[in-house]
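Chain letters run A, B, ... following the sequence lines, proteins first and then strands; every chain starts at 1.
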Protein chains: 2
Amino acid sequence: MDQPGTTPAAPQRRTRQRAAVDQILTHLEEFRTAQQIHDVLRRQGDSVGLTTVYRTLQAMVESGQLDALRTDDGETAYRRCSSGHHHHLVCRSCGRTVEVSGPAVERWASAVADEHGFRDVSHDLEIFGTCGSC
Amino acid sequence: MDQPGTTPAAPQRRTRQRAAVDQILTHLEEFRTAQQIHDVLRRQGDSVGLTTVYRTLQAMVESGQLDALRTDDGETAYRRCSSGHHHHLVCRSCGRTVEVSGPAVERWASAVADEHGFRDVSHDLEIFGTCGSC
DNA sequence: CTGGGTGCAAAGTGTTTGCAATTTG
DNA sequence: CAAATTGCAAACACTTTGCACCCAG
């Protein structure tokens, strides 16, 4: 029998496409959808099939290299695991975005999670408002 | 002038279908997808079109009566809002969701926003992790 | 060589929209 | 009666799968 959810073996060959996707993710701090990554690749010259991007990302999530989450838009977004992160303060009016971070939230988030018995915690926070110039 | 993003007027007529959806939500504590709600309605005898269920739920979210979130499965799940603002602690594995809230984040968010000259601040936070049973 | 990898096109999902018939106020 | 609402079917957007060809090991 096979262990449920455990891939017997993951050969993982090194291919141009995978290297390209991997490289993109290395340079990105934020969550990006498969399609966005596909676009960047294309614009960058490395033509990789959308299908391959999807399959590569999935494989990376399964092997624990990526974190995936669903956007409110219904798309799946990926980001390299455990990269130092920050949050966004976005202006509703002009779209100006400021990166912010603070130990307070981080601590609170993990404390609350812990309190409820959750492990391997990560979180996502966005703050919206109207900036000074608007 | 009109406020941006505000529907001019929402007549909201009382119909059998809306009452049915509303009634289901009243009896549910957990998040349910539009399709699940549609199923319950059908099983219960109140036949309501899936389209109508979707439209009704969307309207309720917009009027602030419902909370919506995306499941890892890509579906949108709805639940009646518990009064007061809160955040979600979601299990990556089984999807179990716990509502959490704390003055710490709220204060931090508005402080940071203020610091950058932002007004009319609101925010969105989700914490992900693996719950105790998984 | 040979099996994993790739990518096009087609199939699947969940959700939204066009539009005629129906219902509410 | 007029306007809002419903619901079917078709349209949509994102993702997955079938399958023939290709390339890394």
Please determine, for the side chain of A:R16, which listed nucleotide (C:dG7, D:dT15, C:dT24) has the closest atom? C:dG7

Phosphate OP1/OP2 of C:dG4 contacted by A:R55 side-chain N/O (<4.0 Å): no

What is the nucleic acid contact for B:T71, judged by heavy atoms within less than 4.0 Å: base, sugar-phosphate only, or nothing? nothing

For the side chain of A:L50, starting at C-beta, report the closest nucleotide among C:dT16, D:dT15, D:dA4. D:dT15

Would you indicate what B:T15 reaches in the nucleic acid, counting non-hydrogen atoms under 4.0 angstrom: base, sugar-phosphate, or nothing? sugar-phosphate

Aromatic contact, B:H88 with B:F128 (centres under 6.0 Å): no

Please figure out whether B:Y78 or B:R14 has its closest DNA chain C nucleotide nearer the 5' end. B:Y78

Under a 3.5 Å distance rule, please check whether A:Q36 uses its side chain to pair with a backbone N or O of A:T33 as donor and acceptor. yes

Using a cut-off of 4.0 Å on non-hydrogen atoms, how would the nucleic acid contact of B:T33 be classed: base, sugar-phosphate, or nothing? nothing

Ring center gap for B:H123 and B:H87 short of 6.0 angstrom: yes

CD-CD1 distance between A:Q35 and A:I37, expressed to the nearest 0.5 angstrom: 10.5 Å

For the pair made of CD in A:Q17 and C1' in D:dC21, what is the distance, rounded to whole Å? 13 Å

Tell me which nucleotide among D:dT15, D:dT5, C:dT15 gets nearest to the side chain of B:R13. D:dT5

5' precedence on DNA chain C between A:V53 and B:E75 (nearest-nucleotide basis): A:V53

Nearest to side-chain heavy atoms of A:Q58, which nucleotide of D:dG7, D:dT15, C:dT15: D:dT15

